[in-house]
Amino acid sequence: MTSTLGSKDSEQNSSSTYRGYAGLPPLVGLETMEGALKKGLTVAESVARLKRFHWALKRLHGIFVARIASTPMYELKMAFGMHAHYCAEHVGEFAKRVREMRQPPYDLEVCPDTSLDQFFDEILSAPGIEALVLGLYQQAIPAVTSALSRMITDTHKLFDHPSYRICRLTLVEMEDVLRYGEQAIECLVSESEHASLADWLSSQQRLLASAGGLDGTQMQTGESIQRVFSAVPYRYDGVPQRDERFKDPYNMGVNAEAMLFNPEIEPLPKSIMLYFKRMREIDVPEVMSSILAETSAKPWEYTRDMTRQLWDEARHAMMGEIGFISLGIDWTTIPLNFTWSLGMNTQLTAKDRHAVLFTIEQGLMPKKNGKENEWEIAVATEDPLAKCIQDYDWADEILHARIGRDWLVPELGSQMEALAYGDKAWSRILVDWSKWREDGLTEHRNWWPDAYRQACRHWGIEPAPSLLAYNMTYENTRADLKQVAG
Ligand SMILES: [Fe+2]
Ligand SMILES: [Fe+2]
């Protein structure tokens with residue numbers, strides 16, 4: 001970075017004093033003339049790094065997605081959703097840039113370095129949350145951010161502007177990921193747990209050194225390092241886990257839709273049911289991540305769109321969380337059922353799961369009892385937060401229905417065939433309301449009166465006896481399940 005391509009040192013026009021018309025910044029302000037005279041990277045050098053970023057983010061995306069269902073901590077599950085979304089978006093951008101750079105073969109499906117791949121295999125196979133978050137946020141993400149910073153410094157901001165721009169935008173988001181990850185480590189990893197993983201962490205550093213760093217710019221040690229966690233090939237685990245705040249996960253004792261769409265019931269208490277429905281959507285990222293983890297041979301655009309939807313569904317769950325807090329309701333007193341994601345992930349194939357999701361989301365489009373209706377109910381509550389939440393939820397669902405039409409319908413023939421396929425797959429999920437009770441998995445406790453009382457305290461009103469008596473369950477219906485997701 002010190003050699004120069006040339007310079008003109010006349011007094012009027014030296015590179016250090018060079019100015020544009022009337023003092024306008026030259027080179028659109030990207031770089032000083034002095035800086036621009038310094039040598040950047042060659043196209044081949046730039047592509048070599050871009051391919052490594054592409055690969056690293058693709059592997060990171062795979063790890064975040066693979067661990068969403070089996071990670072119990074709700075906040076971390078949601079964070080993995082956003083971090084996967086960031087990775088998916090940037091993988092697409094890096095791939096596009098590589099293809100612009102006349103360096104075939106592009107080999108975007110080929111691992112650029114086996115040590116680098118082993119580094120990610122180890123994190124993917126990390127046996128517990130502690131190793132997982134340390135591997136991700138103390139090692140992989142910092143390696144990404146420092147490699148991106150190096151690229152931003154090294155490449156020519158004008159000649160290689162498209163790469164510079166992608167790296168810069170990626171860095172902004174990866175620094176957010178890093179900040180979150182540092183907090184996650186602080187909250188979830190004790191000093192003794194950290195110490196017990198010291199050997200593994202140092203072998204991970206040696207793997208990076210063996211690969212010449214994440215971007216391949218350092219001297220490659222080429223050291224061969226024994227696999228630890230990935231000695232046995234990774235097997236995806238799609239069984240959804242929840243942390244201890246999520247009690248009574250088989251409970252299907254309160255039918256939210258029967259209240260929401262009952263015109264006899266006044267709007268305000270319905271906001272509780274809207275928030276319940278939103279927060280219950282934790283199960284959708286659990287299902288969507290399992291579809292992604294168990295689907296291969298799709299273009300990246302499929303992965304990107306599905307991951308975007310996954311993140312939207314995580315946002316919907318958090319909208320419900322916000323809603324509950326706004327009403328002074330302790331959401332841990334409300335059973336947020338996980339039987340839909342459990343049934344989907346353990347009883348159906350990835351293709352079947354996608355078709356069921358499609359069938360459900362198409363079912364949310366009609367005006368009656370769909371997303372528009374939920375928004376109307378929220379407007380009628382006169383609670384601006386409820387209205388805002390449902391406004392965005394509705395907008396997101398329109399996109400999701402389109403994502404299904406774009407990716408699933410062509411695979412299954414037609415919209416009708418896709419719906420029929422999803423409907424049939426759905427019927428195969430065993431839901432046994434009574435048996436869950438007989439087996440002692442749940443009592444289907446009616447949680448509604450307690451939640452309603454909490455909200456009434458917040459509203460400063462007396463609970464209505466007729467509403468306290470609400471006691472509609474999800475027994476004997478499959479239609480209920482139709483409302484679970486979305
Ligand atoms: Fe949703
Ligand atoms: Fe959705």
Side-chain angles (χ1 to χ4, degrees), residues 65 68-69 74 77-82 84-85 88 240 256-257 260-261 270-292 295 302-324 331 336-341 344-345 350 352-367 369-378 385-409 415 418-419 422-423 425-426 480-486:
V65 161
I68 285 175
Y74 159 66
K77 204 188 275 284
M78 300 294 103
F80 284 177
M82 185 174 81
H85 163 61
E257 293 74 26
L260 271 182
F261 301 124
K270 291 181 178 175
S271 55
I272 302 168
M273 289 306 197
L274 286 172
Y275 297 150
F276 170 64
K277 280 183 58 115
R278 293 291 72 78
M279 194 164 179
R280 194 173 53 180
E281 288 192 59
I282 304 160
D283 56 10
V284 196
E286 287 168 345
V287 168
M288 293 204 72
S289 57
S290 79
I291 298 172
L292 281 163
T295 302
Y302 162 90
T303 306
R304 185 199 58 203
D305 288 356
M306 292 287 280
T307 311
R308 162 61 200 273
Q309 182 178 341
L310 184 163
W311 165 231
D312 289 350
E313 306 296 6
R315 285 167 47 237
H316 297 169
M318 290 184 280
M319 288 173 181
E321 180 189 6
I322 295 167
F324 279 139
W331 60 260
L336 294 154
N337 184 290
F338 81 152
T339 51
W340 183 72
S341 52
M344 288 276 272
N345 289 12
D352 291 353
R353 275 171 240 151
H354 194 184
V356 172
L357 187 68
F358 176 72
T359 304
I360 291 169
E361 297 209 298
Q362 289 298 318
L364 299 173
M365 291 302 104
K367 213 169 160 54
N369 297 0
K371 284 293 158 187
E372 185 173 358
N373 204 178
E374 284 191 353
W375 175 76
E376 284 166 354
I377 293 165
L385 182 71
K387 182 180 155 190
C388 199
I389 284 174
Q390 290 308 132
D391 207 8
Y392 281 92
D393 180 66
W394 179 18
D396 291 340
E397 290 315 325
I398 304 286
L399 172 69
H400 301 169
R402 200 193 77 204
I403 290 173
R405 285 198 301 276
D406 285 351
W407 292 109
L408 190 77
V409 170
Q415 172 111 351
L419 289 173
D423 202 56
W426 198 345
D480 61 333
L481 209 58
K482 212 170 230 169
Q483 313 296 342
V484 172

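Atoms within a ligand are numbered from 1 in the order they appear, just like the ligands themselves. Computed over heavy atoms, backbone and side chain alike; hydrogens, waters and symmetry mates excluded.
Across every non-hydrogen atom of M319 and I389, the tightest pair is O-CD1, 3.3 Å.
The atom of E281 nearest to the Fe ion (ligand 1) is OE1, with the search restricted to N, O or S atoms. Looking only at N/O/S atoms, H316 comes nearest to the Fe ion (ligand 1) through ND1. Nearest to the Fe ion (ligand 1), among the N, O or S atoms that E397 has, is OE2. Distances from the Fe ion (ligand 2) to each N, O or S atom of H400 single out ND1 as the nearest.
Between Y302 and W407, the angle of the ring planes goes over 60°, which puts this pair in the perpendicular group of the 30/60° scheme. Below 30°, between 30° and 60°, or above 60°: for Y275 and F324 the angle between ring planes is above 60°, a perpendicular geometry.
At the Fe ion (ligand 2), the angle from OE2 in E313 to OE2 in E361 is 110° when rounded to 10°.
With rounding to the nearest 0.5 angstrom, the CD atom of Q415 is 4.0 Å from the CZ atom of F358. The CD atom of E281 sits 10.5 Å away from atom CZ of R315, with the distance rounded to the nearest 0.5 Å.
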